[in-house]
Amino acid sequence: MHVKLMGKVLGALTLVSFLSSCAVIAVGGVAAGATGTVAVMADRRSPAVQAIDKGIELQAENALAQRFGDNAHINVTSFNQKVLLTGEVKDDAIKVEAGDYFKDMKNAHSLFNELLVGPNSSYSSRANDSYLESKIKTQMIFTDKLPSNSMDIVAEGGNVYLMGMLTQSEAELAKKVASNTNGVKDVYAYFDIISDAEKARLEKQGKADDSQSNSPPKYQ
C-alpha cells in the first residue's frame, strides 16, 4: 500500500512539473492554433542586425559600468541599431558623457537618452520594473495582430519604453496595451514604422531564413 501511495505522489508531481513547463512555454510567446499547429512570431530584424544589437548592449553596458561605477545605473537597449539609455545618473555631466560614448560607435545609428538625474533606483524598484515588463510582454503575446517578438519592452520607475519594427496600426495597438497595463505611469514609443508591404516582405524573408537554418546539412 505504501509503495502504491508513493507511486501516485510521484506521478502527481511529474504531472504538475509538466504542466508548469507548458505554462512557461506559453508565456514565452508560443501559441497553439485550433488545428494544434504551433506558431511563433519571428523577429523582423535580420539575424545579423540582432547580433549587432546584442553586441552594442554588451559592449556599452560593460564600458559605462566601468566608467561610472556607483555614480550611475545605466541600462542599454538596442533595437535595429537604435539605442535607448534608461536608468539613473548622479548628475547632468554623467548623462551627457554617457550619451557621447555612442558618437564613435559606428553600429549605433541613433540614440535616445532617457537617463534621469538622481539617486540609483533600489533593488525593489528594479524588481517591480522587471515584473511590469513581464506583465506587458504577456499582454502583448496574447493580443491578436501584435508581433510581440519583434519588440523590446523596457520599464524604468514605472515608465515604459517600447522599441520595435511595426506598422502604424500595430504601433497604436502596442501603445494601447502598454498604457492599459496596471502600474504603468507613462509610455514612450520609439518604433520604426514600416508599411504593410514591408511587413509582408520581412515576414516572408524571416520564414525563409528560419527554413534554411532548420534544414539539415547537405553532404556531397
Acceptor/donor pairs from residues 90-98 side chains to any protein atom, 3.5 angstrom cut, sequence neighbours excluded:
unit_1 : atom_1 : unit_2 : atom_2 : d
D91    : OD1    : A93    : N      : 3.2
D91    : OD1    : I94    : N      : 2.9
K95    : NZ     : L115   : O      : 3.1
E97    : OE1    : R67    : NH2    : 3.4
E97    : OE2    : R67    : NE     : 2.8
E97    : OE2    : R67    : NH2    : 2.9

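- Clustering of Ile, Leu, Val, Met, Phe, Trp and Tyr side chains at separations under 4.5 Å leaves Y123 isolated, with no partner residue.
- There is a path of hydrophobic side-chain contacts, each under 4.5 Å, that joins F68 to V89.
- Shown here are the ring-ring contact (aromatic ring centres under 6.0 Å, His included) partners of F191, two or more places apart in sequence or in another chain: there are none.
- Applying the salt bridge (Lys or Arg N to Asp or Glu O under 4.0 Å) rule to K54 yields the partners E57; only residues at least two apart in sequence or on another chain are considered.
- To the nearest 0.5 Å, the span separating OG on S125 from NE2 on H73 amounts to 9.0 Å.
- F102 has its side chain within reach of V76: a pair of non-hydrogen atoms, C-beta onward, lies under 4.5 Å apart.
- Heavy-atom minimum distance, I193 versus A171: CD1-CB, 3.8 Å.
- How far CE of M151 is from CD1 of I141: 9.5 Å, rounded to the nearest 0.5 Å.
- Counting only residues at least two apart or in different chains, salt bridge (charged side-chain N to carboxylate O under 4.0 Å, His left out) contacts with residues 108-123 are absent.
- At a threshold of 4.5 Å between side-chain heavy atoms, the hydrophobic network of Ile, Leu, Val, Met, Phe, Trp and Tyr places M105 and I52 in one connected group.
- Every residue two or more places apart in sequence or in another chain that forms a ring-ring contact (aromatic ring centres under 6.0 Å, His included) with F112 is listed here: Y190.
- Checked against side-chain contact (heavy atoms from CB on, under 4.5 Å), S124 has the following partners two or more places apart in sequence or in another chain: S122.
- Remark: L85 CG to E61 CD distance equals 9.5 Å, nearest 0.5 Å.
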Note to self: Show, in sequence, the C-alpha distance, side-chain angles and deciding distance for V83 and T77, and conclude whether the side chain to side chain contact (heavy atoms under 4.5 Å, CB included) test is met.
What the structure shows: CA-CA 6 Å; V83 179; T77 306; over 6 Å; no
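- Residues passing the salt bridge (Lys or Arg N to Asp or Glu O under 4.0 Å) test with R45, sequence neighbours excluded: D43, D53.
- Within the 3.5 Å criterion, the main-chain N or O of R44 finds a donor-acceptor partner in the side chain of S150.
- Under the side chain to side chain donor-acceptor pair (under 3.5 Å) criterion, the residue pairs touching residues 99-110 are Q59-Y101, Q81-H109, D100-K103, with sequence neighbours excluded.
- No single ILVMFWY cluster, assembled from side-chain heavy atoms under 4.5 Å apart, contains both L84 and V49.
- In plain terms, the two heavy atoms of L202 and I194 that are nearest each other are CD1-CD1, 4.0 Å.
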Tabulate below the donor-acceptor pairs under 3.5 Å that side-chain atoms of residues 155-168 make, not counting sequence neighbours, or state none.
unit_1 : atom_1 : unit_2 : atom_2 : d
E156   : OE1    : N75    : ND2    : 2.9
N159   : OD1    : D186   : N      : 3.4
T167   : OG1    : S169   : OG     : 3.2
T167   : OG1    : E170   : N      : 3.3
T167   : OG1    : E170   : OE1    : 3.4
Q168   : NE2    : E172   : OE2    : 3.0

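- Under the rule for a salt bridge (Lys or Arg N to Asp or Glu O under 4.0 Å), the partners of D192 that lie at least two apart in sequence or sit in another chain are K82.
- The distance from the CD1 atom of I74 to the CG atom of N113 is 8.0 Å, given to the nearest 0.5 Å.
- The line from CD1 of I153 to NZ of K135 is 12.5 Å long, rounded to the nearest 0.5 Å.
- Pairs engaging residues 115-126 under the salt bridge (charged side-chain N to carboxylate O under 4.0 Å, His left out) rule: none recorded [sequence neighbours left out].
- Contact check for V117 versus E88: no side-chain heavy atoms found under the 4.5 Å cut-off.
- Counting only heavy atoms from C-beta outward, the side chains of L146 and V177 approach each other to under 4.5 Å.
- Side-chain heavy atoms closer than 4.5 Å link hydrophobic residues (I, L, V, M, F, W, Y) into clusters, and following such links, possibly through other members, connects L132 to V187.
- Under the 4.5 Å side-chain heavy-atom criterion for Ile, Leu, Val, Met, Phe, Trp and Tyr, Y188 and F79 are members of the same hydrophobic cluster.
- The nearest pair of heavy atoms linking M140 to A174 is CE-O, 3.4 Å.
- For the atom pair OG1 (T181) and CD1 (I136), the distance works out to 4.5 Å, reported to the nearest 0.5 Å.
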